[in-house]
Amino acid sequence: MTYLKSRRFIGAAFTAITILSITRTITGNGDLTSTVTIAQALVFASPIALAGLAGIWAERAGVINIGLEGMMILGTFGAGWAGWQWGVWAGVLAGVAFGAIGGLLLAVAAVTFGVDQIIAGTAINLLALGLTKFLAILLFTDAPGGGQAQSPPIKGDIPTFTLESIVEPLTALHEKGIFFVSDLAGLVAGLFYHLSLLTIITFLLFVMTSYLLWKTAFGLRLRSAGENPWAADSLGVKVVQYKYAAVVFSGMLAGLGGAYLSIASTIYRNGNTAGRGFIGLATMIFGDWRPGGTAAGAIMFGYIDTLRLIDTGNQNVKGLILLGAIILFAIGGIMLRKAKRNSAIGFLVLGSVMIGAYFSATSFPPEVAQVAPYITTLLVLATASQNLRPPAADGVPYRKGDHH
Amino acid sequence: MAQNVLAVELAGIWKRFPGVIANSDINLKVTAGTVHAIVGENGAGKSTLMKILYGMQKADEGTISINGSELIFSSPSDAIDAGIGMVHQHFMLADNFTVLENIVLGSEPKSGGKLDFAKARQQISDIAAENGLAVDPDILVSELGVGDRQRIEILKVLYRGAKILILDEPTAVLVPHEVDELFNTLRDLKKEGLTVIFISHKLDEVLSIADEITVIRQGTTVGSVNPHTQQVSARDLAEMMVGNELPTPQSVGDTIRDEVVLKVENLSVFAKGGKAIVDDISFQIRAGEILGIAGVEGNGQAEILDALMGIEAATGTVHFKTEDISKKSTRHRRELGIGFIPEDRQRQALLMEAPLWENRMLGHQTREPNSKGFLLNPRGAKADTKRIVKEYDVRTPSIDVLASALSGGNQQKLIVGREMSGDPKLLIAAHPTRGVDVGAQAAIWDHIRNARQAGLAVLLVSADLDELIGLSDTLKVLLRGKFVADADPATVTPQELGTAMTGAGKAA
Amino acid sequence: GSSGTTAESAAPTEPAAAAVKVGMAYDQDGKGDGSFNDAAFAGLSKAQADLGVEIKEVNSGASATDATREELLTLLADGGYNPVIAVGFAYSTALAAVATKYPDTTFAIVDSVVDAPNVGSLIFAAEQGSYLTGVIAASASKSGTIGFIGGMEIDLIKAFEAGYIEGAQSVNPDIKIESKYMGAAGDNTAWNVPEKAKTATDGMIANGADVIYAAAGGSGLGMFQSVKAAADGGATVWAIGVDSDQYTVPALAEYKDIIVTSMLKRVDVAVYDVIKAVVDGAPLVGINNFDLSKDGVGYSTSNSAVSAFTAAADAAAEKIKSGEVVVGTTVK
Amino acid sequence: MNLRRIGTSLLAPAIGLFISLAATAVILIVIGASVSTVFSSMWNYGTSPRAMSLMLNLATTYFLSALAVSIGFKMNLFNIGVNGQYVLGALAGAVVASNLTLPTIASLTITLLVAMVVGAAWAGIAAWLKVARGVSEVISTIMLNFIAIGIISYIIVRTSVGTETSLNVRGTKLIPESGMLRGVALLDPGTPIYGFFFISIVIGIAYWFLLNRTRFGFDLRATGKSATAARTSGVQSNRMIIVTMLLSGAVAGLVGLPYLLGETGTYSLQFPTDWGFTGIAIALLGRNNPLGIALGAILWAFLDISSGQLILEGVPREISTIMQGLIVIVVVISYEIVRRNQVKSEQTSVAKALTKQEAKV
Ligand SMILES: Nc1ncnc2c1ncn2[C@@H]1O[C@H](COP(=O)(O)OP(=O)(O)OP(=O)(O)O)[C@@H](O)[C@H]1O
Ligand SMILES: Nc1ncnc2c1ncn2[C@@H]1O[C@H](COP(=O)(O)OP(=O)(O)OP(=O)(O)O)[C@@H](O)[C@H]1O
Ligand SMILES: [Mg+2]
Ligand SMILES: [Mg+2]
């Protein structure tokens with residue numbers, strides 16, 4: 001099993017790097033696989049990944065968490081406020097604690113009172129937005145360096161690490177532009193360049209989640225609350241407690257994601273989650289409610305965002321277009337082999353359109369890159385939705401003693 | 001083990017739900033090392049009582065004693081700790097979990113915080129081997145059939161070391177050889193000293209396996225019999241259950257006309273994996289004819305009905321009169337005059353949170369008196385609902401109450417009344433009198449018989465063999481998606497039919 | 001009538017001026033952005049201190065409409081506030097409507113033109129100021145590559161970019177200028193994403209840029225962070241601030257060393273002037289173009305590091321004032 | 001019976017309102033403001049003719065948005081995408097209207113149709129993804145919102161559609177006065193009530209009629225109450241999903257029009273882009289019932305409008321956002337509690353009535 005899994009993983013990674021490398025070679029755009037790009041993509045990916053992970057926790061226990069955005073907002077605020085008062089680590093803790101309050105609220109509404117979960121989540125989003133703006137005005141308006149809409153700077157820094165011994169030679173190798181080798185070098189170097197301790201924590205949380213949820217009794221029970229809470233209840237599992245634990249922890253993770261954002265910007269600002277809670281939710285679905293896939297989805301968002309922002313002369317967007325085209329062709333090819341003609345034609349046509357666009361335009365407006373992750377998400381879901389397997393009782397209100 | 005030790009003693013159990021008393025003063029004594037059956041009508045309160053014994057629900061009054069000591073259960077874990085295990089009427093399995101995960105859930109073997117999969121696998125295969133319950137622990141439950149699922153449920157209980165086993169209608173979904181296997185297992189368990197409490201509606205089964213039988217009627221225990229020492233028949237038990245003599249469904253006279261109303265050729269329905277659930281069957285029904293399908297539940301009855309209604313995809317052809325309706329929508333089929341009483345009334349036939357008169361429209365929303373053209377006609381629907389309530393004796397204070405407020409039997413009466421409205425040409429009915437009390441049952445039979453007289457064709461699926469034999473003009477036996485025998489309702493006995501349903505022999 | 005816990009206060013020392021009540025309306029979430037809105041507030045505070053006027057600040061809130069902005073201005077005018085100052089071009093339609101209804105009140109609007117006899121339109125030749133920072137950037141750059149970080153990609157900000165580019169090219173025609181906006185027009189998050197501005201600046205620095213100018217509201221912070229990180233890493237890089245003299249902004253104190261200068265858009269001066277004019281009884285109405293000649297725009301010299309480039313910048317300023325150079329507002 | 005039902009359905013919002021008012025009072029006390037002054041000045045201001053006119057105008061927008069959301073809710077479809085649908089609809093309406101020189105009626109009809117078609121088409125993508133590809137509409141509509149924002153900025157910034165309508169304001173060309181629907185000054189001479197206010201009343205009635213008096217409405221409600229029962233009754237669920245989403249999108253397409261045609265005459269980059277979320281909240285408050293939605297929209301608009309007065313009192317206007325959030329969360333919880341009790345009490349009363357019946361027999 002694990003052997004198969006690791007082989008599949010290596011295969012997927014190999015394919016991904018090859019496709020990136022082909023694109024990089026054709027476009028001659030080193031940014032696509034450079035150390036800096038990858039390092040930055042991780043920074044952008046982390047808050048989204050944390051939101052996605054938060055989604056996994058709640059939904060694996062059967063509670064849809066559309067309130068992630070609100071919990072993240074609470075997290076950004078908590079981090080900004082406590083970080084300004086007592087330093088960056090207090091900010092992290094406060095972000096987590098504020099997120100937990102959001103989670104608790106969702107648990108009360110959805111688990112205890114059985115309110116429709118999407119409705120409860122929406123209400124939390126509203127409440128979080130109003131509350132943080134209000135508190136910002138109260139607490140930050142007269143603070144030096146703060147304002148009605150932003151906190152004063154967070155004190156202190158999260159340590160970051162650069163493994164010079166790896167980064168330097170690999171970055172040099174990257175600059176040589178050798179097919180595959182240089183790209184791999186850039187990717188690996190990016191993982192050890194300006195790596196924030198919070199990113200490492202994020203990574204560890206993913207590992208911990210995989211382990212806890214899939215390898216321990218605790219995880220089995222928690223997931224049973226999302227698959228068949230009635231069965232779990234009949235075996236003495238305290239379903240409500242597990243749901244509470246999962247949703248509150250979900251809020252903590254979302255809050256941490258928010259804290260990450262505030263800390264990355266050194267301040268809290270109204271609206272600086274910019275919809276990342278929703279994007280996290282999308283990556284969770286994209287990743288089939290599993291940590292690995294969710295992380296991949298988050299990295300995609302981070303990667304595209306990075307390329308857009310470090311772009312010079314709009315060439316990265318062009319690269320992305322070609323990358324997208326190659327991926328579409330690859331999927332189309334797989335579909336053809338699986339004899340899914342209609343889907344295959346769809347992908348090949350789309351791929352051709354993008355190739356056409358690539359060769360006919362010298363540059364693309366930044367809006368293209370701005371919407372690219374969302375379109376990609378839609379495409380992935382359109383391709384894979386039938387194979388995705390949400391927890392069977394996800395979103396179903398559970399009341400002790402009731403049966404379905 | 002001494003025969004007189006009481007494994008379970010329930011005394012003076014009361015349980016009230018809003019509007020209904022599920023258990024009233026129940027007293028039950030189960031001797032250790034026996035198979036003790038509990039029988040009673042639908043809704044008599046059997047499952048409720050078992051849930052109380054298993055700690056899933058709390059009794060309002062009464063005491064529970066296990067092996068002589070009085071205990072209070074506030075959750076299933078308490079009951080599990082007391083050595084009680086329960087296999088529920090509806091399977092309690094997580095489909096996306098493996099067999100192993102389902103079995104160990106809640107009592108996982110651990111090594112240092114980690115779930116010890118190796119140990120679990122070992123324990124499960126040991127128990128499985130001991131009891132002849134072969135399963136692959138690493139397969140997903142979603143890939144398993146009902147027989148396997150049942151085995152897993154029993155394994156779950158044994159895995160927890162239960163000494164008292166509650167089985168709530170375990171045989172309802174099993175095919176006969178699976179029933180035999182189950183009974184063999186139960187006998188083995190009994191030999192090992194386990195106590196089994198067994199609920200079933202199949203009285204002959206009960207008589208064959210039980211050492212003692214308790215009858216529950218309307219929430220209270222009305223008596224116990226010992227089939228080893230007392231001479232009791234299934235019919236005797238049934239009469240104890242309902243409290244008076246059973247009415248007999250009997251269709252008199254031949255009303256069959258020449259006109260073929262429904263003609264089905266080579267109908268097949270396939271499961272997701274490609275397995276045929278309904279396997280190439282053909283039949284026809286004429287006007288004025290009632291065709292009964294006998295069979296153990298889960299042999300494809302529900303799928304045939306859904307396919308005929310266009311709810312489930314199927315291959316083969318279906319003709320209504322002369323029209324080929326194989327590709328037609330459900331709505332079209334209904335508009336042709338096909339009435340449908342589905343198996344699962346609450347999920348398929350009712351809007352539980354809508355008033356009765358809106359439920360009157362359901363499935364008939366395109367026709368008079370419920371609508372004119374594109375507009376609804378609430379006044380017409382209300383008037384007609386009142387008619388149904390009167391004619392079918394639906395017990396309700398008003399037609400404005402929500403369907404969920406009615407008892408199951410009354411819900412069923414409303415559905416039957418609705419589906420018999422508007423002069424249907426064909427009625428496709430599953431268990432039309434399930435959960436209906438004796439008086440109403442007779443009334444429903446009368447309605448069906450009268451319509452038959454007027455030329456209604458009926459496809460009848462029922463678990464009640466007397467009903468099936470009594471009403472049908474023609475009988476077919478369904479086993480694993482195929483018709484395996486025909487029976488003549490004039491001569492066949494329920495025993496013979498029952499045997500044929502198991503595939504053991506040909507019916508007369 | 002109002003009582004409560006507000007920032008309003010009348011200076012008791014100058015009873016004569018106590019009659020003047022200034023209403024100030026910010027857009028969206030209001031002040032605290034460390035640049036534009038805060039500059040307006042600085043002018044207001046100065047007026048409060050120097051002229052003893054009573055002040056009242058309001059903000060339009062998220063998803064404001066012309067109707068709600070109009071109502072806000074109406075409430076101020078109704079409450080006897082005079083002048084009423086609207087900060088931001090989003091108020092233009094609303095202000096036009098209110099100004100006709102209150103002909104006896106003096107209004108002012110920042111960054112837009114409203115044609116009414118009782119409105120002072122305060123517009124700024126940001127392109128001229130940016131031209132000067134472009135001159136400084138090109139002079140300071142050793143690599144021949146400089147950068148520009150914009151907030152939302154709208155015409156107002158594009159004028160900053162245009163002036164910056166022209167100024168830089170006037171020094172070095174071959175200079176390479178990288179520009180990046182944090183969000184498309186309409187994407188309101190563009191002003192609130194310092195972490196993205198940081199990345200964009202990182203990218204520019206990686207591509208050799210050694211002077212970066214940001215006109216990006218709250219996102220500009222990220223530019224300072226990136227430049228600071230690069231400077232800490234040993235590179236010689238400079239940041240150019242915007243609107244206020246960001247070298248002196250307390251919230252940015254930790255970055256002051258790398259802020260060589262800031263393009264000054266003297267909203268504070270304009271606001272003060274408007275208030276003073278009302279206090280003096282000669283309201284400032286009509287179009288007031290705060291350009292170089294009026295010192296409405298300029299660059300800051302509080303960081304002594306800029307002294308090496310002031311000669312070039314001042315020369316350029318003279319050319320603009322004399323009309324020898326006309327700075328465009330659109331990027332060519 | 002029915003009176004009781006109405007009573008109980010008013011109970012939940014009443015509880016919600018009360019609790020959130022109480023919580024707000026606590027917050028006010030904490031920040032040291034006078035509770036009675038704040039509430040009374042909110043009330044006094046909110047009931048002035050000018051504020052009421054503004055309130056009705058804003059409520060018109062909210063009403064349409066909530067209606068669009070609730071069409072989906074009625075059959076358990078969560079159209080989170082009203083934002084994207086209305087901005088695109090309003091932009092298309094603005095472009096078309098600004099290029100028309102027709103009599104008002106003709107111009108308005110075309111503008112409305114275009115906005116509805118565009119809104120419906122955008123929602124249609126989500127519908128197709130759900131029906132054909134099994135993609136949850138919750139997630140697809142969220143993605144489509146982000147994409148819509150990108151499209152709008154592209155069109156306004158980079159195509160000839162966008163012009164500078166006044167200094168620094170970029171938007172579509174101004175709509176000629178013949179294409180506008182300004183409204184009438186009913187309450188306050190200076191503040192006309194949008195013409196769209198009256199149109200939305202008609203739409204509300206049409207919505208009620210469609211849902212409660214037509215076969216289509218019955219199918220839709222039946223699907224929402226029980227998808228399996230609806231299917232057995234002959235409702236084609238995929239078709240219902242598509243039609244419902246298109247309908248929801250069409251109404252969503254109208255959301256921006258009251259403001260566009262009553263006020264701005266241009267779709268500019270200042271056009272608010274989050275009325276869809278407001279609509280979700282109001283649909284929840286109004287229990288998907290047009291009358292309830294109308295009341296919810298007015299309440300919401302009241303809080304929005306009177307928050308302007310609040311800042312003059314020195315209280316941050318965001319207190320009204322907090323009140324809105326509190327009201328929503330408390331109301332949905334109390335709706336659930338009330339609903340449960342209602343079902344239980346109905347069952348009990350049926351049982352009681354039956355026992356009595358039997359006793360008589
Ligand atoms: N949770 C509940 N709430 C309200 N009423 C309930 C509940 N559970 C059971 N009932 C009612 O209590 C009565 C007894 O139900 P129970 O399930 O025990 O019957 P049963 O004898 O097991 O019937 P069957 O043979 O159909 O399984 C029924 O009227 C049932 O509707
Ligand atoms: N799961 C449940 N939750 C809540 N109420 C239930 C539940 N199941 C049944 N009931 C209620 O219990 C009551 C009895 O239902 P049941 O279906 O057992 O009727 P019944 O005893 O079969 O009636 P009849 O005499 O018509 O056959 C009804 O009021 C029903 O609404
Ligand atoms: Mg039962
Ligand atoms: Mg019953």
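Not measured: the values here are computed from a predicted model. All values below were derived from every heavy atom in this structure, side-chain atoms included, with hydrogens, water molecules and symmetry-related copies excluded. Residue numbers start from 1 in every chain, and the chains themselves are labelled A, B, ... in the order their sequence lines are given, proteins ahead of strands.
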| said: With chain C as the partner, which of D/Gly162, D/Gly150, D/Ser41, D/Pro272 has the greatest number of non-hydrogen pairs under 4.5 Å? | reply: D/Pro272
Contacting region of [X] [heavy-atom separation from chain C under 4.5 Å]:
X        : value
D/Ile152 : neither
D/Tyr154 : neither
D/Phe277 : neither

Taking the side chain as every heavy atom from C-beta outward, state whether [X] and [Y] have any atom pair closer than 4.5 Å.
X        : Y        : answer
C/Leu75  : D/Ile311 : no
C/Met152 : D/Val157 : no
D/Leu312 : C/Leu76  : yes
C/Thr68  : D/Leu54  : no

Heavy-atom contact with chain D under 4.5 Å, split by part of [X]:
X        : value
C/Ala64  : backbone
C/Thr93  : neither
C/Ile157 : neither
C/Glu70  : side chain
C/Leu156 : both

| note | Greatest number of non-hydrogen atom pairs under 4.5 angstrom with chain D, of C/Val58, C/Ile154, C/Asp66, falls to C/Asp66
Could you give the distance from [atom1] ([X]) to [atom2] ([Y]), rounded to the nearest 0.5 Å?
X        : Y        : atom1 : atom2 : answer
D/Gln270 : C/Ser60  : CD    : OG    : 10.0 Å
D/Ser268 : C/Phe89  : OG    : CZ    : 8.5 Å
D/Thr163 : C/Asp155 : OG1   : CG    : 10.0 Å
C/Thr74  : D/Arg50  : OG1   : CZ    : 5.5 Å
D/Met55  : C/Glu71  : CE    : CD    : 12.0 Å

| task | Mark yes when over 12 heavy atoms from residues, nucleotides or ligands other than C/Asp115 sit less than 6.0 Å from its CG; otherwise mark no. | result | no
| field | Pair D/Arg170 + C/Glu153: basic N to acidic O under 4.0 Å | value | no
| message | Could you check whether any side-chain N or O of D/Arg317 sits under 3.5 Å from a backbone N or O of C/Asn59, counting only pairs where one atom can act as donor and the other as acceptor? | response | yes
| said: Show the nearest heavy-atom pair for residues C/Ala67 and D/Tyr259, with the distance to one decimal. | reply: N-CE1, 4.4 Å
| remark: For D/Val169 and C/Ser92, the nearest pair of non-hydrogen atoms, with its separation, is CG2-OG, 4.0 Å
| query | By ring pair (Phe, Tyr, Trp, His ring centres under 6.0 Å), which residues pair with D/Tyr267, not counting sequence neighbours? | reply | D/Phe271
